[in-house]
S.K.: 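Take this structure, written in structure tokens, and hold onto it; I'll ask about it next.
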Amino acid sequence: MTLSEDLKWRGLIKDKTFADIKWLDTPRTFYHGVDASADSMTIGNLAAMMTARRLLDSGWKAVLLAGGATSLVGDPGGKNEERELKPREEIQKNVQAIKGQISMLFAGKEFALVDNYDWFKDVGYLEFLREVGKHYSMTELMQRDFVTERMGEGGSGISYAEFSYSLIQGYDYWQLYKNHGVELQIGGSDQWGNMLSGVPLIRKKENAEVHALSMPLVVNKATGVKFGKSESGAVWLDPARTSPTQFYQFWINVDDADAEEYLKVFTLLPKEKIEELISRHKAAPAERIAQTALAAEVTKLVHGQDAVDFAQTITEYLVGHRPIEEADDAAMQEVRQALPGFKAQPGVPVIEALVGTGLASSNTEARRLVQNKAVYVNGEQFQKDHLEAGDFKNGRLMLRRGKAYKDSALIELV
RNA sequence: GCAGGGAUACUCAAGCGGCCAACGAGGGCUGACUGUAAAUCAGCUGGCAUUUGCCUACGGGGGUUCGAAUCCCUCUCCCUGCACCA
């Protein structure tokens with residue numbers, strides 16, 4: 001199967017500037033930019049990263065860009081109000097962290113990693129206006145969606161800085177074309193307008209034809225919510241923010257309706273394998289075959305095979321296939337690392353344990369959970385107000401909020 | 001610069017002196033049913049305490065009042081119109 005056929009089958013092509021998708025089948029050099037306003041990517045970024053990986057695997061050369069400069073200004077897209085400006089030191093730290101994550105994801109592959117701050121820091125304002133600004137038509141910029149949304153009735157306004165974002169991204173593309181021979185930019189469809197911005201610029205400056213390709217945003221089919229940061233619990237790639245076990249559990253918990261799409265978007269499994277998994281899944285949905293495969297694959301890509309084995313072991317404890325009191329010292333080390341933990345005396349109020357583990361964010365919320373019978377201890381619904389000595393087995397117990405195992409924590413006696 | 005309109009909780013959006021921790025919708029959390037799924041139905045959705053209490057909150061600051069999200073002053077930001085404009 002060719003690259004273009006594969007991308008099409010996976011539903012990764014939304015808009016493109018080239019007429020025939022076969023254009024993708026001749027390897028060239030592409031780039032993809034990541035926002036650096038946080039110090040870790042989320043699974044929202046992962047979707048585009050996986051597409052980058054597919055191009056890479058088909059012989060394309062990759063230039064990955066961490067947006068040290070663009071994050072200083074703030075991307076106006078997808079947001080209905082002006083962003084807070086962040087200090088440069090913070091952005092620089094973020095860039096370093098994101099570079100690290102990219103290196104992990106593409107370990108063993110050849111790719112270039114750049115930071116647009118490196119070329120923007122020396123660009124003068126006048127120079128920029130003459131070289132770049134001159135080529136942008138105000139009339140055309142004013143018609144951009146992000147501009148009309150922000151400026152019309154009910155809009156929250158837009159600053160000149162954010163308005164200029166598009167030009168900055170166009171300039172990036174131009175620099176990458178000149179210095180790295182980049183001929184394609186990929187990204188999520190929310191970036192389409194910005195990605196397009198460099199295409200005419202390069203045509204005018206270099207008399208060259210370059211392209212852009214956007215992929216649909218991953219959306220939860222049931223709730224319609226965009227994947228990534230906006231959902232209450234963002235799922236981060238940084239193991240310090242989202243432990244590999246929680247990461248694994250997130251994928252296990254995915255809706256049936258979404259599992260097929262996620263297999264296509266987030267894993268490198270070939271078409272035949274995915275189709276086989278889906279048909280097996282449909283035959284026996286309760287076995288969650290699709291989710292299990294998805295979780296294993298994605299966790300492996302992001303955190304490595306060891307993390308998968310580890311997460312699967314922890315899951316045995318979570319689900320109760322292995323009682324937690326039987327875990328040996330080595331296993332306990334791992335459990336402690338994977339789950340939120342809390343040390344307590346016998347007789348601690350359940351509320352205190354819920355808050356202490358982060359399963360509830362406040363005492364009030366913890367009380368609500370108790371009232372709603374949402375507390376489980378060692379897999380059983382728990383009705384008492386205190387964790388008594390008898391509830392602990394071998395000095396420990398598993399506390400859970402709700403019935404999904406992903407929200408579990410380990411409570412140990414002091 | 002002048003005039004008018006606006007800023008309400010995660011989002012949208014009511015309220016326009018006491019009955020407002022604030023209608024409604026979406027989102028989120030939870031329960032029942034299930035399969036760590038969906039759909040459906042139900043509850044919850046500022047915090048602390050917990051049996052009618054307290055604190056914080058309706059853009060910021062100040063004031064009027066027994067009492068303000070609601071009235072007045074002022075500042076910031078947004079929108080509309082006019083004026084100005086290389």
Side-chain angles (χ1 to χ4, degrees), chain A residues 76 78-85 129 133 138 147-163 219-235 245-263 277-278 280-296 299 311-312 314-321 339 349-352 354-355 358-376 378-383 385 398-409:
Chain A
K79 244 315 203 184
N80 52 10
E81 55 185 46
E82 188 82 8
R83 299 196 179 190
E84 293 279 327
L85 285 180
L129 291 179
M138 207 58 196
V147 177
T148 54
E149 273 165 30
R150 293 271 292 262
M151 288 181 73
E153 183 117 28
S156 57
I158 183 166
S159 68
Y160 186 72
E162 286 201 12
F163 178 78
V219 165
N220 183 308
K221 282 198 176 50
T223 60
V225 176
K226 190 173 141 185
F227 224 43
K229 278 189 258 190
S230 50
E231 276 191 89
S232 64
V235 179
T245 300
Q246 289 166 321
F247 186 85
Y248 178 86
Q249 281 292 324
F250 168 83
W251 295 102
I252 289 283
N253 199 231
V254 154
D255 303 355
D256 287 359
D258 290 319
E260 179 171 357
E261 182 189 350
Y262 294 172
L263 278 169
L277 284 167
I278 293 301
R280 277 171 54 207
H281 182 267
K282 283 188 175 147
E287 286 178 38
R288 307 180 78 79
I289 290 163
Q291 284 92 336
T292 312
L294 177 68
T299 308
Q312 284 170 341
I314 301 294
T315 298
E316 303 264 281
Y317 290 115
L318 287 180
V319 199
H321 288 169
L339 301 177
V350 173
I351 290 167
E352 195 180 321
L354 285 168
V355 175
L359 292 180
S361 60
S362 68
N363 291 354
T364 305
E365 189 188 345
R367 282 200 190 87
R368 268 201 294 274
L369 290 171
V370 171
Q371 272 167 15
N372 290 343
K373 301 195 191 78
V375 181
Y376 296 76
N378 292 329
E380 301 290 324
Q381 223 164 33
F382 193 73
Q383 307 276 13
D385 290 334
M398 289 290 234
L399 185 68
R400 196 171 87 225
R401 181 199 76 195
K403 56 185 182 160
Y405 299 107
K406 63 185 165 63
D407 301 309
S408 296

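Keep in mind that this is a model prediction, so the values were computed, not measured. Residue numbering restarts at 1 for every chain, and letters A, B, ... go by the order of the sequence lines.
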S.K.: Between A/Glu352 (CD) and B/A49 (C1'), how many Å, whole number?
M.R.: 15 Å
S.K.: What do you reckon, is CD of A/Glu287 surrounded by more than 12 foreign heavy atoms closer than 6.0 Å?
M.R.: no
S.K.: Which protein N or O atoms sit under 3.5 Å from an N or O of nucleotides 51-54 of chain B?
M.R.:
none

S.K.: Once side chain to side chain contact (heavy atoms under 4.5 Å, CB included) is applied, do any residues pair with A/Phe382, and if so which ones, sequence neighbours excluded?
M.R.: A/Val350, A/Val375, A/Val377, A/Lys384, A/Leu387, A/Asp391
S.K.: Across nucleotides 30-35 of chain B, 5' to 3', mark each nucleotide with B, S or - according to how protein heavy atoms within less than 4.0 Å reach it.
M.R.: SSSBBB
S.K.: If I take atom CZ in residue A/Phe247 and atom C1' in nucleotide B/U36, what distance separates them, rounded to the nearest angstrom?
M.R.: 17 Å
S.K.: Any stems for RNA chain B, made of 3 or more Watson-Crick or G-U pairs in a row, each with both distances under 3.5 Å?
M.R.: B:1-7 with B:76-82, B:10-12 with B:24-26, B:27-32 with B:40-45, B:46-48 with B:53-55, B:59-63 with B:71-75
S.K.: Given B/G47, is OP1 or OP2 found less than 4.0 Å from the side-chain N or O atoms of A/Asn363?
M.R.: no
S.K.: The criterion is salt bridge (charged side-chain N to carboxylate O under 4.0 Å, His left out); which residues satisfy it with A/Glu316, sequence neighbours excluded?
M.R.: A/Arg322
S.K.: With sequence neighbours excluded, tell me which residues meet side chain to side chain contact (heavy atoms under 4.5 Å, CB included) with A/Ala293.
M.R.: A/Leu277
S.K.: Hey, could you give me the CD/NE2 distance between A/Gln312 and A/His321, rounded to the nearest 0.5 Å?
M.R.: 13.0 Å
S.K.: Not counting sequence neighbours, which residues clear side chain to side chain contact (heavy atoms under 4.5 Å, CB included) with A/Ala295? List them please.
M.R.: A/Tyr248, A/Trp251, A/Ile252
S.K.: Rounding to a whole Å, what distance do you find between A/Ile289:CD1 and B/A37:P?
M.R.: 17 Å
S.K.: By side chain to side chain contact (heavy atoms under 4.5 Å, CB included), which residues pair with A/Asp385, not counting sequence neighbours?
M.R.: A/Val370
S.K.: Indicate yes or no: at least one non-hydrogen side-chain atom of A/Lys406 is less than 4.5 angstrom from one of A/Gln246.
M.R.: no
S.K.: Between A/Ser362 and A/Gln249, which has a closest nucleotide on RNA chain B that is more 5'?
M.R.: A/Gln249
S.K.: Starting at CD of A/Glu380 and ending at P of B/U36, how long is that distance when rounded to a whole Å?
M.R.: 14 Å
S.K.: Mind checking side-chain hydrogen bond (donor to acceptor under 3.5 Å, both in side chains) for A/Asp256 and listing every partner two or more places apart, or none if nothing turns up?
M.R.: A/Gln291
S.K.: Roughly, in whole Å, what's the span from CG in A/Asp255 to P in B/A37?
M.R.: 9 Å
S.K.: Over how many whole Å does the gap from A/Glu261 atom CD to B/A38 atom C1' extend?
M.R.: 16 Å
S.K.: Taking only residues two or more places apart in sequence, or in another chain, which ones meet A/Arg401 in a side-chain hydrogen bond (donor to acceptor under 3.5 Å, both in side chains)?
M.R.: A/Asp407
S.K.: Can you check the distance between B/C2 and B/U70, where both ends of the measurement are the P atom (answer in whole Å)?
M.R.: 25 Å
S.K.: Run the side-chain hydrogen bond (donor to acceptor under 3.5 Å, both in side chains) test against A/Gln249 and tell me which residues pass, sequence neighbours left out.
M.R.: A/Thr315
